[in-house]
Amino acid sequence: VLGALDRTGLAQNTLVIFTSDNGGQLSAGANNGPWRAGKGTMYEGGLRVPAVARWPGKIQPGTQLNQLLLSMDLFPTVLEAAGVEVPKGIDGRSFLGALLGKSQPWPQRPLYFVRREGGLAFGGKTIEAVRLGPWKLLQNSPYAPLELYNLKHDPREQRNLARQAPKKLRQLAALLRRQIQQGGRVPWQPPASQKQPAKLP
């Protein structure tokens with residue numbers, strides 16, 4: 001893709017962002033480095049992904065961002081790069097200014113992660129995580145208790161602090177409950193009354 005943009009003279013007018021939607025799948029031979037677990041989990045090995053951006057003449061080579069980003073931040077970023085007004089009320093936040101080397105305020109915000117599995121593993125339930133600053137609360141199975149980690153001091157998620165930091169657990173659990181309630185208003189499949197009746201064997 002990059003070679004084609006260079007050959008056609010479109011590179012300097014094209015922002016290219018490459019990333020992934022989840023960490024590597026360990027059962028398929030992926031290596032997620034020091035991060036715990038992989039694809040399909042709420043641990044860092046399942047959520048942390050690499051990302052690179054190229055825009056010759058706009059993004060300086062070697063630029064690194066310290067902001068914690070989500071894939072939903074891509075939408076407002078590319079809109080701003082194209083000169084299109086970013087819609088109000090979306091969850092994403094443009095990081096174009098930081099990409100271009102400008103000083104860009106980046107207030108702390110809670111970051112949410114959710115995975116719904118329709119098969120037998122979750123029974124149609126979800127697993128979730130919320131991160132606020134260095135703190136991360138997760139439930140890696142709908143049948144498991146909540147786990148709390150401080151990623152600044154424990155980036156590999158080895159020390160569950162759920163018992164030691166109950167106040168922080170309650171704070172993040174309240175944020176996560178509100179997010180789950182908000183997400184519950186959006187149907188992820190047609191209501192059962194609109195589906196074809198299941199055929200019995």
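Note that the coordinates shown come from a computational prediction; the quantities given were computed from them, not determined experimentally.
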With Arg115 as partner, the option from Thr126, Leu47, Thr41, Ile127 fulfilling side chain to side chain contact (heavy atoms under 4.5 Å, CB included) is Ile127

Greater than 12 external heavy atoms within 6.0 Å of Arg156's CZ
no

Residue set satisfying salt bridge (charged side-chain N to carboxylate O under 4.0 Å, His left out) with Arg177, at least two apart, ordered chain then number -> none

(message) Looking at Asn32 and Gly23, would you say the former's side chain and the latter's main chain have a donor-acceptor pair under 3.5 Å?
(response) no

Applied to residues 2-23, the salt bridge (Lys or Arg N to Asp or Glu O under 4.0 Å) test, sequence neighbours excluded, yields Asp6-Arg54

Closest non-hydrogen contact found for Ile59 with Ala53 is CD1-CB, 4.0 Å

With no hydrogens and no angle check, just 3.5 Å: does a side-chain donor-acceptor pair link Tyr43 and Glu147? yes

Thr8 side chain vs Ala4 backbone, donor-acceptor pair below 3.5 Å:
yes

Next item on the list: Could you please spell out the steps behind the side-chain contact (heavy atoms from CB on, under 4.5 Å) verdict for Glu157 and Leu151?
Entry: CA-CA 7 Å; Glu157 297 168 298; Leu151 297 182; 3.7 Å; yes

Ignoring hydrogens and geometry beyond distance, is a side-chain donor-acceptor pair present between Arg131 and Tyr149 at under 3.5 Å?
no

Smallest heavy-atom separation, Trp55 atom then Asn13 atom, equals NE1-C, 3.9 Å

Mind listing the side-chain donor-acceptor pairs of residues 77-90 below 3.5 Å, one per line with the distance, residues two or more places apart or on another chain?
from, atom 1, to, atom 2, distance (Å)
Thr77, OG1, Asp73, O, 2.6
Thr77, OG1, Phe95, N, 3.0
Glu80, OE1, Ser94, OG, 2.4

Rounded to the nearest 0.5 angstrom, the CD-NE2 distance for Gln158 and His153 is 16.0 Å

> Near Leu120 CG, under 6.0 Å, is it more than 12 heavy atoms from other residues, nucleotides or ligands?
Replying inline: no

